[in-house]
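Start at 1 and go down the list; that is how both ligands and their atoms are numbered. Counting begins at 1 with the first residue of the sequence. What's counted below: heavy atoms across the whole structure, side chains too, no hydrogens, waters or symmetry copies.
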Amino acid sequence: MTTNNEQAVHTSLDQDGILTITFDMPGRSANVLNDDLSDGFTAAIAEIESNNEVKGAILTSAKKDFLVGADLDKVFAIEKPEEAMALADGFKAMLRRIELSGKPVVAALNGSALGGGYELALACHYRIALSEPRVQVGLPEAKLGLLPGGGGTQRLPRMIGIQKALPLLLEGKSLRPDKALSSKLVDELADNKDELLSKAKAWCLANPSAKQPWDVKGFRFPGGDSKHPAVAQLWAIAPSMTNAKTQDNFPVVVDIMSCVFEGGLVDFDTALSAESRYFAHAVTSQTAKNMISTFWYQLNALNKGASRPEGIPQTTVKKLGVLGAGMMGAGIAYVAAKVGIPVVLKDVSQESADKGKDYSAKIMDKKVSRGHATAAKKEELPALITPTADAADLAGCDLVIEAVFEDRSLKAKVTQEAEAVMDQAGVFASNTSTLPITGLSKASARPDNFVGLHFFSPVDKMPLVEIIRGEKSSPAAIAKAFDFVLQIKKTPIVVNDGRGFFTSRVFTSYIAEGGLLLQEGQHPRRIDMAAIKAGMPVGPLTVLDEVSLSTPLTIIEQNQKDLGDAYEAIGVEDMLVKMVRELDRAGKKDQKGFYDYDAQGGKKLWPGLAEHFPLAEQISEQDLEDRLLFSQVIESVKAFEEGIVTNVADTNIGSIFALGFAPQHGGVLQFINAYGMKSFVARAEELATQYGKRFTPPALLIKMADANETFV
Ligand code: NAI
């Protein structure tokens with residue numbers, strides 16, 4: 001037996017000749033694939049190969065998870081394709097030694113096995129997973145613009161078939177144990193760790209000379225290889241279907257399809273080397289760099305508290321008050337009850353409050369019918385919500401969030417009502433989407449405990465909450481709001497106060513650009529399509545129809561009233577008035593906006609648009625796409641310059657999670673980094689000359705371009 005606690009890999013040989021190899025990297029909370037782990041593991045593999053006393057081996061881990069993938073620091077730092085090839089080939093060679101060792105090797109997955117961790121499990125002859133809901137297995141590389149480089153794109157299709165493997169690889173889907181078992185990603189489940197290890201040992205003893213199916217002569221892909229008629233049919237349509245979804249914005253999906261397609265035509269070892277080439281292409285792509293920086297580094301930093309005021313002890317909300325049981329209030333009550341927080345949900349009448357609670361009951365019904373929640377949870381969750389029409393029931397709430405109508409005097413009234421009874425040291429938050437927080441806090445008796453908590457609709461699906469710091473909001477109040485957002489398992493960004501804060505302001509610039517293009521006579525279908533091609537989830541005219549054209553109109557009119565002569569026109573005011581008031585086409589809720597909607601959920605462009613916004617000479621596709629993205633990016637830089645957003649992570653993540661800003665670019669500021677600061681400034685100047693001064697590059701960018709700086 002060799003055990004060395006300073007090392008990342010421990011081995012222990014029992015009297016039946018079963019070698020247990022345990023990953024336990026010192027000083028890290030999770031095991032990741034890097035040189036430390038590989039060195040120890042290579043030695044363990046040599047022991048399997050050369051020690052005659054070893055009859056079989058079990059791979060497991062002493063951490064909570066099995067192995068969560070490659071060391072992304074190392075992957076991110078790769079610049080040259082040959083470095084990526086060397087990394088993938090080295091890992092593959094190690095895995096090949098396991099499967100060709102001539103002895104049975106079982107992966108005993110005591111926790112999640114993701115990415116390279118699951119590729120390692122795939123190279124074992126058998127996989128058993130602990131049956132706990134926290135455990136996930138799969139190959140999520142595509143979510144970061146990467147692909148599995150350790151044979152994952154070859155072993156998975158050979159194990160479960162090309163048709164089943166392809167969507168898992170393309171979507172980067174991870175599965176919980178029960179689903180992993182039914183999808184054959186694992187062979188067996190165990191209820192606890194002892195059972196896991198004993199089942200693994202039993203399998204080794206029962207299969208003394210295990211071999212991988214693809215190393216047995218005459219191997220055939222389950223469901224057929226790439227030439228098989230059924231699979232060939234898939235290959236005829238999969239690329240166009242995928243492209244319709246991704247608009248060619250994610251090069252890795254083509255890489256993954258190529259790996260699986262080509263791998264399905266050649267022998268296993270040739271297939272592995274083809275995969276290394278595609279891996280090298282993906283790793284060195286700009287898209288992967290964008291996605292890793294934002295969805296890995298920046299998102300992790302935010303969730304770990306990068307934007308939380310320092311030095312304030314962690315808090316948890318014990319009792320939440322929600323004012324207004326409408327669309328937003330009902331959603332907020334649901335997400336809080338979901339994590340076990342008791343909620344008092346107040347509206348003007350008991351009936352309206354009850355309706356807000358019903359919203360949670362309905363979601364739970366749906367979840368139970370789909371098998372996503374237990375019958376017990378269906379009872380427990382809504383039971384945490386107390387609907388009421390009486391403000392006195394807010395007594396004891398340490399956080400109250402108001403989501404009443406967007407009306408200053410009503411918001412002032414409910415603030416005072418709540419503050420009179422809630423926990424006196426508690427925090428009061430407004431879910432306003434547009435009204436500056438400092439102004440609203442004037443109604444508060446404790447403006448230092450007053451903040452903005454801006455949720456997005458639908459609340460249960462949207463992953464972000466924008467926390468707004470009013471002029472008087474104390475760091476402790478911001479920290480409490482921050483902790484609450486993490487408590488309900490969402491991502492918090494913290495921004496300073498200002499009209500539209502960050503997200504609503506950038507959203508306005510997007511829909512305004514869409515409206516301007518329409519007024520200029522660009523074809524409405526081209527406008528919406530250009531946005532989709534540029535990577536936006538929904539075109540600006542469609543989104544305006546969906547939120548209703550009267551929403552921005554009300555905001556604009558409120559701003560005009562508040563600002564008087566200082567109001568800066570955005571250019572689409574008259575168009576909105578015309579659509580909403582003259583033409584009575586406020587959007588989808590009335591089945592008529594830029595599009596006509598039918599009862600079956602279909603839509604087509606409203607023919608009257610051609611009369612009211614006649615077509616002019618069409619500008620290039622590139623100009624359309626650039627205008628729709630640059631307008632948002634430049635507005636974000638202005639918000640950064642003015643100190644509304646104060647760090648790069650908040651800005652990038654906010655733009656993607658709240659607005660769906662083209663994720664392949666890694667957010668609005670990473671877009672500039674990738675475009676090149678100087679090139680961005682030059683292109684913005686071109687757009688400004690051609691289309692208007694809103695594209696003039698802000699001074700901050702010109703300064704950064706001169707100093708060769710990027711947003712970090
Ligand atoms: P809603 O119209 O669905 O709900 C408002 C609710 O407030 C109604 O149920 C109403 O009866 C209730 N209410 C009115 N007076 C009240 C009082 N004195 N006490 C308690 N409840 C009272 O509105 P929605 O869409 O939920 O919006 C609420 C707030 O959230 C607004 O400030 C809005 O700007 C903001 N918001 C809305 C978003 C959206 O997508 N709808 C997104 C982000 C913020």
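Under a 4.0 Å criterion applied to the non-hydrogen atoms of Lys346, ligand 1 contributes the atoms 19 (N), 20 (C), 21 (N). If you number the atoms of ligand 1 from 1 as listed, the ones under 4.0 Å from a heavy atom of Gly326 come out as 3 (O), 4 (O), 6 (C), 9 (O), 26 (O). Within ligand 1, the atoms closer than 4.0 Å to a non-hydrogen atom of Val414 are 17 (C), 18 (N), 19 (N), numbered from 1 in the order shown. For ligand 1, the atoms lying closer than 4.0 Å to a non-hydrogen atom of Phe455 are 42 (C), 43 (C).
Of the charged side-chain nitrogens involved, at least one lies within less than 4.0 Å of a carboxylate oxygen, so that Asp365 and Lys378 count as a salt-bridged pair. Under 4.0 Å is where a charged nitrogen must lie from a carboxylate oxygen, and between Asp562 and Arg499 at least one such pair does. Between Arg581 and Glu557 there is a salt bridge, since a side-chain N of the basic residue sits under 4.0 Å from a carboxylate O of the acidic one.
The closest approach between a heavy atom of Ser352 and any atom of ligand 1 is not below 4.0 Å. Note on ligand 1: Phe405 sits in its first shell, one or more heavy atoms being nearer than 4.0 Å. Within the structure, ligand 1 lacks Lys355 among the residues with a heavy atom less than 4.0 angstrom away.
Nearest to atom 12 (C) of ligand 1 by heavy atom, out of Thr551, Ile555, Thr432, Asp347, is Asp347.
Closer than 4.0 Å to atom 34 (O) of ligand 1 lies at least one heavy atom of the protein.
With hydrogens and angles ignored, the 3.5 Å screen pairs no side-chain donor or acceptor of Asn431 with any backbone N or O of Glu402.
Looking at ligand 1, you'll find an N or O of Lys411 within less than 3.5 Å of one of its N or O atoms. Taking any N or O of His454, backbone or side chain, none lies under 3.5 Å from an N or O belonging to ligand 1.
For the residue pair Asp347 and Ala353, the shortest heavy atom distance occurs at CB-N, 3.8 Å. Closest of all the heavy-atom pairs between Asn647 and Ser307 is ND2-OG, 3.2 Å. Looking at every heavy atom in both residues, Arg585 comes nearest to Tyr595 through NH2-O, 3.4 Å.
Using a 4.5 Å cut-off on side-chain heavy atoms (C-beta onward), Val506 and Ser655 make no contact.
Shortest contact from atom 41 (N) of ligand 1 to any protein heavy atom: Met327 CE, 3.2 Å. In terms of protein heavy atoms, atom 31 (C) of ligand 1 is closest to Val404 O, 3.2 Å. The shortest contact between atom 39 (C) of ligand 1 and any protein heavy atom is with Met328 SD, 3.6 Å. Among all non-hydrogen protein atoms, the one lying nearest atom 32 (O) of ligand 1 is Glu406 OE1, 2.4 Å. Of the protein's heavy atoms, Ala403 O, 3.2 Å lies nearest to atom 28 (C) of ligand 1. For atom 40 (O) of ligand 1, the nearest protein heavy atom (residue, atom name, distance) is Ser457 CB, 3.3 Å.
Of the heavy atoms in Leu410, only side-chain atoms (C-beta onward) come closer than 4.0 Å to ligand 1. If you look at Asn431 next to ligand 1, the close heavy atoms, those under 4.0 Å, come from the backbone and the side chain alike. With a heavy-atom cut-off of 4.0 Å, Phe456 does not touch ligand 1 at all.
Shown are Tyr510, Phe661, Phe671, Tyr691; of these, the ring pair (Phe, Tyr, Trp, His ring centres under 6.0 Å) with Phe630 is made only by Phe671.
Residues forming a side-chain contact (heavy atoms from CB on, under 4.5 Å) with Ala244 (at least two apart in sequence, or on another chain): none.
Ring geometry for His612 versus Trp606: interplanar angle under 30°, hence parallel rather than tilted (30 to 60°).
Residue pairs satisfying the side chain to side chain donor-acceptor pair (under 3.5 Å) criterion with at least one member in residues 625-636, sequence neighbours excluded, are listed as follows: Arg505-Glu635, Glu513-Arg627, Glu520-Arg627, Gln622-Asp626, Asp626-Arg683.
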